[in-house]
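Below is one structure, written out as structure tokens, with a few remarks after it.
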Amino acid sequence: MKPSLSKLEVCLPLVLLLPIGVAVGLGWKTSGLELAWSMIASICGAAPR
Amino acid sequence: MTAPGTSAARRDWTPILAGGLIMGLALGARHVQGLFLIPMTMDRGWDREIFSQAIALQNLAWGLCQPLSGWLSDRFGALWIIAAGLILYGLGLAGMVYSASEGAFLLAAGVCVGVAQSGTTFGVVYAALSRTVRNDRRSWALGLAGALGGMGQFVMVPVSQMLIDMTDWQTALLIFSGAAAVMLPLVFAFGSGSTSTAEATHQGGPGIADALRHKGFWLLNLGFLVCGFQLTFAQTYLPSYVSDNGLDASVGVMALVLMALFNVAGTYLFGLWGGTYRKKNLLVGIYFARTAAISLFLLLPMSGASIYAFSAALGFLLLGTVPLTNGLVSQVFGVRYIGTLFGILFLNHQIGSFIGVRLGGIFFEAYGSYQLGWAVAAALGLVAAALHWPINDSPFVASRTQKNTG
């Protein structure tokens with residue numbers, strides 16, 4: 001069965017979500033790398049190695 | 001694709017957005033827990049081990065409770081289970097702030113939040129959406145809600161970081177707890193979304209026992225176990241693997257950022273494609289592509305560019321399996337017991353996650369590298385692709401007369 005979706009319904013999520021994602025990603029990269037890395041290192045440190 | 005132009009189609013957006021927001025908060029709050037590890041343990045003077053124990057307990061509680069939460073949502077309506085999950089989530093997060101002892105912290109962060117996750121994430125939210133959205137739009141709806149959930153996960157990291165920096169970890173957790181309470185009215189977007197609606201449209205359809213006897217259901221379970229293994233192994237060990245190979249720690253962080261970002265697009269697109277193409281074939285493709293991506297990652301010389309390309313590829317393939325697997329279950333068995341059946345699948349996913357993390361650690365201890373773990377993840381992708389190929393995806397009632405070949 002073909003989905004009954006309008007072009008707007010198909011495209012709007014991509015048009016809205018991707019720029020927001022890129023903006024947040026860039027903000028994250030410049031402001032929070034150190035803390036984010038400490039978070040990941042903590043989790044990985046807690047995992048068995 | 002045609003424009004539906006109906007009010008029914010327009011009404012789909014409300015439950016999809018509500019489900020996406022609820023999953024965004026639930027998955028996001030879970031995703032950022034690590035940010036609270038250092039300030040919380042330093043403040044309390046606790047060992048970090050207690051935090052690890054709480055997270056492990058939380059994963060266990062989530063997995064074990066998912067079939068029950070799913071069944072309850074099938075029986076009494078997803079609306080009530082999501083509401084209960086949000087209340088429990090709020091209490092659990094607030095409990096983390098006010099826990100005076102390690103035992104109380106384990107109860108709040110481990111049991112309370114873990115059980116709450118089973119009521120506020122894929123299992124129950126997808127069940128509610130499956131009943132609310134029309135059959136031909138269901139796969140798209142699940143993909144979109146999953147993408148919104150993934151976006152929430154992604155956005156919560158800088159938001160949490162900002163809140164901790166501006167206030168303190170206690171206030172940040174209490175704000176998330178309040179956000180869970182604020183989201184409570186969203187549950188009404190699902191309407192009754194309950195067993196009564198489902199029963200009205202699927203009376204006489206296959207039951208839980210029928211699914212448990214269906215070979216295809218167990219093939220899906222095994223495939224989803226592999227999904228849990230690959231996903232958790234990659235997310236847990238990729239940053240360490242990158243560092244172990246002499247690259248800067250920031251490369252590992254960016255790799256996870258890319259994975260999260262491409263996951264949003266992948267979840268949405270695979271959901272969308274699941275409405276047009278056969279879901280089991282898309283699942284075969286995902287697992288096969290994962291194997292190809294991991295194999296190339298292992299074989300090619302490691303560099304920043306190769307890691308970013310791998311992270312983007314794996315991120316794109318990361319959670320597209322969820323709307324497709326959930327959609328395949330409702331396609332074959334209907335939506336009457338979708339919460340319970342997906343709950344069973346999710347329990348297996350969590351078992352796979354547990355095996356992935358444990359095996360990664362064991363391999364590292366034995367060989368001093370995650371190389372073997374990656375190789376196992378790649379091989380399992382082929383196994384999962386082979387498991388999905390023979391699944392009989394015809395609706396169960398029709399297949400019953402075909403000797404139930406699964």
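Both backbone and side-chain heavy atoms feed into the values below; hydrogens, waters and symmetry mates do not. By convention in this document, chain letters (A, B, ...) are assigned in the order of the sequence lines, proteins followed by strands, and residues within each chain are numbered from 1. Just so it is clear, the structure is predicted and the values come from calculations on it, not from any experiment.
In this structure, CD in A:E9 is found 7.5 Å from CG in B:D12, a value given to the nearest 0.5 Å. If you take CG on B:L272 and CG on A:L14, they are separated by 8.0 Å, rounding to the nearest 0.5 Å. Atom CG of residue A:L5 and atom OG1 of residue B:T276 lie 8.0 Å apart, to the nearest 0.5 angstrom.
Ranked by heavy-atom pairs under 4.5 Å with chain A, the first of B:L258, B:L261, B:I55 is B:L261. Ranked by heavy-atom pairs under 4.5 Å with chain A, the first of B:Y268, B:F36, B:F363 is B:Y268.
Heavy atoms of B:L269 lying under 4.5 Å from chain A belong exclusively to its side chain.
Taking a 6.0 Å sphere around CZ of B:F262, one finds it holds 12 or fewer heavy atoms contributed by other residues, nucleotides or ligands. Dense packing is recorded around CE of B:M162, with more than 12 heavy atoms of other residues, nucleotides or ligands lying under 6.0 Å away. Counting heavy-atom neighbours within 6.0 Å of B:F354 CZ, excluding the residue itself, gives a total of 12 or less.
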